[in-house]
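Inspection log for the structure reproduced underneath, given as structure tokens.
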Amino acid sequence: MIVTNTPQSIETIANALREGKLAAIPTETVYGLAANALDEEAVKRIFKAKGRPAINPLIIHVSSLEQAEQYVDFSETAREVAEHFWPGPLTLILPQKKNCPIAKTASAGLTTLAVRMPSSPIAQNILKAAKLPLAAPSANKSGEPSPTTPQHVSQSLGDHVDFILAAGKCSAGLESTVLDLSEDIAVILRPGHVTSDDLEPVLGYLPAFDKGDHEKPKSPGQTLRHYAPNLPIRLNAVDVKKGEALLAFGSLKFMGIETGGYAKDLPTEKLKNLSDAGDLHEAAANLFSMLRELDCPDNSGIAVMSIPHHGIGLAINDRLEKAAKG
Ligand code: TXA
Ligand code: MG
């Protein structure tokens with residue numbers, strides 16, 4: 001059932017979650033598929049609905065730092081980072097407390113746990129009403145681009161979800177930054193809106209990004225097929241090939257089509273601009289929805305213009321590289 005944001009629907013969803021049901025809820029990053037993280041059966045339902053490999057652990061969403069402290073051990077640094085960036089799009093990987101009550105399926109048997117306090121007021125209200133920690137991966141079938149609108153959720157999961165709380169487009173549009181703080185040196189496992197430059201003043205050093213392209217990837221999700229549209233993606237395009245659609249960034253003035261003409265004259269179903277003004281935040285918010293829009297059988301592929309590799313551009317390029325590999 002699709003509901004809108006009212007005090008009643010928040011209460012209905014909170015009750016459904018307490019009964020072990022699944023609800024797709026908006027966060028500031030992407031829509032999440034939420035379930036009671038204390039309920040093993042409810043968490044298993046998430047994996048089933050998404051077709052998610054059991055080895056890929058979930059993020060536990062909390063309404064406060066105090067709540068997170070019931071489940072994981074915060075070092076002094078971890079507490080400073082959480083105090084600085086929560087609520088917001090930053091997930092922390094921390095050692096699980098002994099006798100942590102979170103469903104074992106949620107952490108895929110690891111000794112660490114991913115925790116995050118979302119800033120979206122709707123997500124906050126649901127967490128507070130449910131009085132539960134909520135396990136919530138992105139609300140899409142495993143391997144698809146993350147959903148940034150309620151329409152994406154219903155297209156992707158349909159009847160597999162009991163409730164969808166429809167509240168328009170997510171503001172950030174990219175999944176949270178994942179920061180591993182379970183060992184002495186902090187490492188970024190997934191780049192996002194909170195960048196290494198943002199983290200530097202709090203950590204005292206610039207955390208590195210571990211892509212996981214080695215023997216022992218720390219984040220199971222890094223190695224799995226991800227974010228892949230159906231069409232082939234061609235990165236750093238400087239022209240448009242026959243039949244291709246174009247995902248542009250910034251000015252198109254000088255871009256040509258191989259078979260003649262200018263890219264700026266492509267019909268709108270073949271041309272989306274992540275940000276006419278060249279703004280990386282706007283581009284991040286548009287990335288997944290524009291990829292989905294261009295991913296139709298009328299196009300032979302999607303050419304993507306190069307995105308500046310700084311700030312949140314790193315996160316955009318990370319998702320695009322994964323989409324291109326898919
Ligand atoms: O913005 C977000 O983070 C969204 C919203 C809904 O909060 N959630 C999200 O969840 O993107 P998901 O499941 O699509 O991505 C979680 C990522 C995966 O790459 C997973 O492997 C990693 O976090 N992860 C979870 N627990 C981990 C752990 N203990 N150690 C390392 N990586 C972990
Ligand atoms: Mg996901």
Side-chain angles (χ1 to χ4, degrees), residues 30-31 51 138 140-158 169-170 172-175 190-192 211 213 221-326:
V30 300
Y31 276 76
S138 51
N140 54 284
K141 286 268 183 203
S142 212
E144 286 180 4
S146 289
T148 53
T149 69
Q151 288 76 25
H152 297 159
V153 179
S154 60
Q155 282 159 14
S156 183
L157 293 177
K169 193 175 158 184
C170 301
L174 285 185
E175 308 86 347
R190 178 172 74 182
K211 271 193 176 184
D213 48 359
Q222 289 170 311
T223 51
L224 299 165
R225 183 177 176 272
H226 225 302
Y227 311 112
N230 293 311
L231 294 180
I233 305 279
R234 191 166 62 83
L235 301 179
N236 303 317
V238 290
D239 64 357
V240 183
K241 311 272 182 232
K242 192 171 172 226
E244 274 183 342
L246 177 65
L247 186 59
F249 177 80
S251 170
L252 279 182
K253 233 194 260 165
F254 302 109
M255 186 168 242
I257 303 174
E258 196 186 39
T259 49
Y262 289 99
K264 66 176 172 48
D265 300 326
L266 283 166
T268 52
E269 65 274 14
K270 280 194 172 293
L271 172 62
K272 304 284 168 214
N273 200 327
L274 290 168
S275 170
D276 292 310
D279 178 294
L280 286 171
H281 285 273
E282 185 183 11
N286 285 331
L287 180 67
F288 289 139
S289 58
M290 289 185 173
L291 270 179
R292 280 173 186 259
E293 281 167 346
L294 295 177
D295 190 24
C296 73
D298 295 344
N299 301 325
S300 61
I302 305 172
V304 186
M305 284 170 72
S306 86
I307 309 291
H309 204 59
H310 58 75
I312 192 172
L314 262 72
I316 298 174
N317 285 324
D318 169 69
R319 306 311 190 272
L320 283 171
E321 277 167 30
K322 285 178 175 157
K325 264 194 230 153

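Each residue takes its place number in the sequence, starting with 1.
Among residues at least two apart or in separate chains, ring pair (Phe, Tyr, Trp, His ring centres under 6.0 Å) pairs with a member in residues 239-291 are His193-His281, Tyr227-Phe288. Residue pairs meeting the side-chain hydrogen bond (donor to acceptor under 3.5 Å, both in side chains) criterion with at least one partner in residues 242-259, sequence neighbours excluded, are Arg234-Glu244.
For Ser306 against Asn236, the heavy-atom pair with the smallest separation is CB-OD1, 3.2 Å. The minimum heavy-atom distance between Met255 and Val240, with the atom names listed, is SD-CG2, 4.4 Å. Among all heavy-atom pairs drawn from Pro147 and Val30, the shortest one is O-CB, 3.4 Å. Here the shortest heavy-atom pairing between Ile233 and Ala324 reads CB-CA, 3.7 Å. Considering every non-hydrogen atom in both Thr148 and Gly173, the closest pair reads CG2-O, 3.5 Å. Annotation for Arg319 and Leu174: closest pair CG-CD2, 3.8 Å, computed over non-hydrogen atoms.
Other residues, nucleotides and ligands contribute at most 12 non-hydrogen atoms within 6.0 Å of the NZ atom of Lys325.
Between the side chain of Asn140 and the backbone N or O of Leu157, no donor-acceptor pair lies under 3.5 Å. In terms of modelled atom types and a separation under 3.5 Å, the side chain of Asp295 and the main chain of Leu231 share a donor-acceptor contact. Between the Ser275 side chain and the Ala283 main chain, no donor and acceptor come within less than 3.5 Å of each other. The main-chain N or O of Lys141 is found under 3.5 Å from a side-chain atom of Ser156 such that the two form a donor-acceptor pair. Of the possible donor and acceptor atoms, one in the side chain of Lys272 sits under 3.5 Å from a partner among the backbone N and O of Thr268.
Between Ser138 and Tyr31 the shortest side-chain heavy-atom distance does not fall below 4.5 Å. Residues Met305 and Leu252 have side chains in contact (heavy-atom distance under 4.5 Å, counting atoms from C-beta outward). Considering only heavy atoms from C-beta on, Ser289 comes within 4.5 Å of His152 through its side chain. The side-chain heavy atoms of Lys241 and Asp239, taken from C-beta on, include a pair separated by under 4.5 Å.
Atom CD of Glu321 is separated from atom CD1 of Ile316 by 12.5 Å, given to the nearest 0.5 angstrom. Separation of atoms CG (Asp265) and CD1 (Ile257) is listed at 7.0 Å; rounding is to 0.5 Å. How far CG of Asn317 is from CG of Leu314: 7.0 Å, rounded to the nearest 0.5 Å. Expressed to the nearest 0.5 Å, how far CD of Glu282 lies from CG of Leu274 amounts to 8.5 Å. The CD atom of Glu175 sits 8.5 Å away from the CG atom of Asp318 when rounded to the nearest 0.5 Å. With rounding to the nearest 0.5 Å, the separation of CG in Leu246 from CG in Leu294 is 8.0 Å.
With Leu247 as the partner, the side chain to side chain contact (heavy atoms under 4.5 Å, CB included) test is satisfied by one option alone out of Leu287, Leu271, Leu235: Leu287.
Under the rule for a side chain to side chain contact (heavy atoms under 4.5 Å, CB included), Pro297 has no partner lying at least two apart in sequence or in another chain.
A salt bridge is defined here as a Lys NZ or Arg NE, NH1 or NH2 lying under 4.0 Å from an Asp or Glu carboxylate O, and Glu293 with Lys270 fails to meet this definition.
Using modelled atom types and a 3.5 Å distance limit, the side chains of Lys169 and Asn286 yield a donor-acceptor pair.
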